[in-house]
Amino acid sequence: MYKITDLYDLNHTQASSYLQKYEYPWEALKGIKDVIIELGSSLGDDYNEISEHVWVHKDAKVFDSAYLGAPCIIGARTEVRHCAFIRGSALVGEDCVIGNSVELKNVIIFDSVQVPHYNYVGDSILGYKSHMGAGSITSNVKSDKTLVVVKDRFNHENIETGLKKMGAMLGDYVEVGCNSVLNPGTVIGRHSNIYPLSRVRGVVPTHSIFKDLDNIVEKK
């Protein structure tokens, strides 16, 4: 089962020290709100606190129609575009794109991540330079409302998270195709690609191409 150090280069997030406390990335989901408030109170003059517990870097661009809910941090040179809806508990890194009509909730977004068009990302962690194609979403609650289990069929391992809400853990450089659904408990290894219109569940190995659940091939 992939651990935090298997998925992420922690040099590309302000949450580095926080994430190092945990073995698996989903263990960090419960404390995102508190760590944002803690980080925000120590940010320097390069950030403006535009409302209580909402910090935006002076080099970031936030469109007037975007909504920034508390707490959140928006990093340097990041664009938050038209009608983006940041519900709160969002730590967004540097050089990111949060696009039109994108919704974020309880997330850590590493540097240089793009969620540019009509994405929902909730209770998730997106690694460095990962990209979600237009309309792709993280589903974070099971239809039967039971607790999420991360299933790794390649290593014959299942881990009970104890969480009712868990979206997806995307490793660094992951590419998610347009209109894909990442089901609760999805973990995608570094440098992997997801075909458009995919329904992804469980663990996708690193350096893989996901075509469907029964057709996951190694990148050449």
Side-chain angles (χ1 to χ4, degrees), residues 1-4 6-8 15 18-19 21-37 67-72 83-92 98 101-109 113 115 117-127 130 132-171 174 176-189 192 194-205 210 212-214 216:
M1 186 67 70
Y2 289 126
K3 300 178 181 179
I4 286 175
D6 299 319
L7 293 170
Y8 305 118
Y18 172 68
L19 290 172
K21 300 176 182 179
Y22 300 100
E23 184 174 18
Y24 298 109
W26 55 86
E27 296 173 333
L29 292 176
K30 289 183 177 180
I32 291 176
K33 178 179 179 179
D34 292 336
V35 78
I36 291 172
I37 294 172
Y67 174 83
L68 304 184
C72 73
C83 299
F85 178 32
I86 298 182
R87 286 168 52 188
S89 299
L91 175 56
V92 182
I98 310 301
S101 304
V102 168
E103 181 177 350
L104 302 182
K105 172 254 179 184
N106 201 49
V107 293
I108 295 174
I109 307 291
V113 170
V115 281
H117 312 286
Y118 306 103
N119 308 106
Y120 172 69
V121 185
D123 300 287
S124 299
I125 300 176
L126 275 54
S130 59
M132 294 185 68
S136 60
I137 67 169
T138 65
S139 174
N140 59 339
V141 180
K142 295 172 65 176
S143 59
D144 61 5
K145 307 300 188 293
T146 57
L147 301 182
V148 176
V149 177
V150 178
K151 298 182 179 181
D152 184 352
R153 61 177 180 161
F154 298 93
N155 294 305
H156 308 289
E157 186 177 9
N158 295 334
I159 295 183
E160 296 182 5
T161 67
L163 300 172
K164 184 179 179 181
K165 293 185 178 182
M166 176 192 162
M169 307 290 123
L170 272 58
V174 165
V176 178
C178 295
N179 289 318
S180 294
V181 177
L182 309 181
N183 284 283
T186 294
V187 178
I188 303 176
S192 287
I194 307 298
Y195 264 26
L197 299 173
S198 293
R199 295 173 295 169
V200 187
R201 188 182 307 277
V203 174
V204 177
F210 180 101
D212 57 53
L213 283 172
D214 297 315
I216 302 173

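Bear in mind the structure is a predicted one, so any value in this text is a computation, not a measurement.
How far OH of Y18 is from CD1 of I36: 9.5 Å, rounded to the nearest 0.5 Å. Rounding to the nearest 0.5 Å places CZ of R201 at 8.5 Å from OG of S139. Residue I108 holds its CD1 atom at 4.5 Å from CD1 of I125, rounded to the nearest 0.5 Å. Distance check: S124 OG to L104 CG gives 9.5 Å after rounding to the nearest 0.5 Å. Between L163 atom CG and K30 atom NZ the span is 5.5 Å, to the nearest 0.5 Å.
N183 places no side-chain N or O within donor-acceptor distance of the main-chain N or O of R199, the cut-off being under 3.5 Å. Here the side chain of N119 pairs a donor or acceptor atom with the backbone of S136 at under 3.5 angstrom. With hydrogens and angles ignored, the 3.5 Å screen pairs a side-chain donor or acceptor of S192 with a backbone N or O of P205. Between the T161 side chain and the V148 main chain, a donor and an acceptor come within less than 3.5 Å of each other. In terms of modelled atom types and a separation under 3.5 Å, the side chain of Y22 and the main chain of I4 share no donor-acceptor contact. The backbone N or O of S198 sits less than 3.5 Å from a side-chain atom of S180, completing a donor-acceptor pair.
The number of heavy atoms from other shown groups lying within 6.0 Å of CZ (R87) is above 12. Within 6.0 Å of NZ on K165 lie no more than 12 heavy atoms contributed by other residues, nucleotides or ligands. Under a cut-off of 6.0 angstrom, the local environment of OH in Y118 is sparse, with at most 12 non-hydrogen atoms contributed by other residues, nucleotides or ligands.
Using bins of under 30°, 30° to 60° and over 60° for the plane-to-plane angle, the ring pair Y24/W26 lands in the parallel bin.
Nearest heavy atoms, T146 versus K142: OG1-NZ, 3.0 Å. Of all the heavy atoms in L19 and A28, the pair that sits closest is CD2-CB, 3.7 Å. Between V174 and G189 the shortest heavy-atom distance is CG2-O, 3.3 Å. Nearest heavy atom pair, residue K3 against residue P25, reads C-CD, 4.3 Å. Minimum interatomic distance between V102 and H117 (heavy atoms only, all atoms of both residues): CG2-N, 4.0 Å. Here the shortest heavy-atom pairing between V115 and V121 reads CG1-CG2, 4.0 Å.
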> Can you check side-chain contact (heavy atoms from CB on, under 4.5 Å) on E157 and V203, steps first, answer last?
Replying inline: CA-CA 10 Å; E157 186 177 9; V203 174; over 6 Å; no
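Residues K105 and Y120 have side chains in contact (heavy-atom distance under 4.5 Å, counting atoms from C-beta outward). Residues L126 and M132 have side chains in contact (heavy-atom distance under 4.5 Å, counting atoms from C-beta outward). With contacts defined as side-chain heavy-atom distances shorter than 4.5 Å, the pair L147/E160 does not qualify.
For the side-chain contact (heavy atoms from CB on, under 4.5 Å) with I32, the lone residue among I37, N106, V107, D123 that qualifies is N106. The side-chain contact (heavy atoms from CB on, under 4.5 Å) test with I194 is passed by exactly one of L170, T186, V200: V200. The residue from N158, D6, D152 that alone fulfils the side-chain contact (heavy atoms from CB on, under 4.5 Å) condition with M1 is D152.
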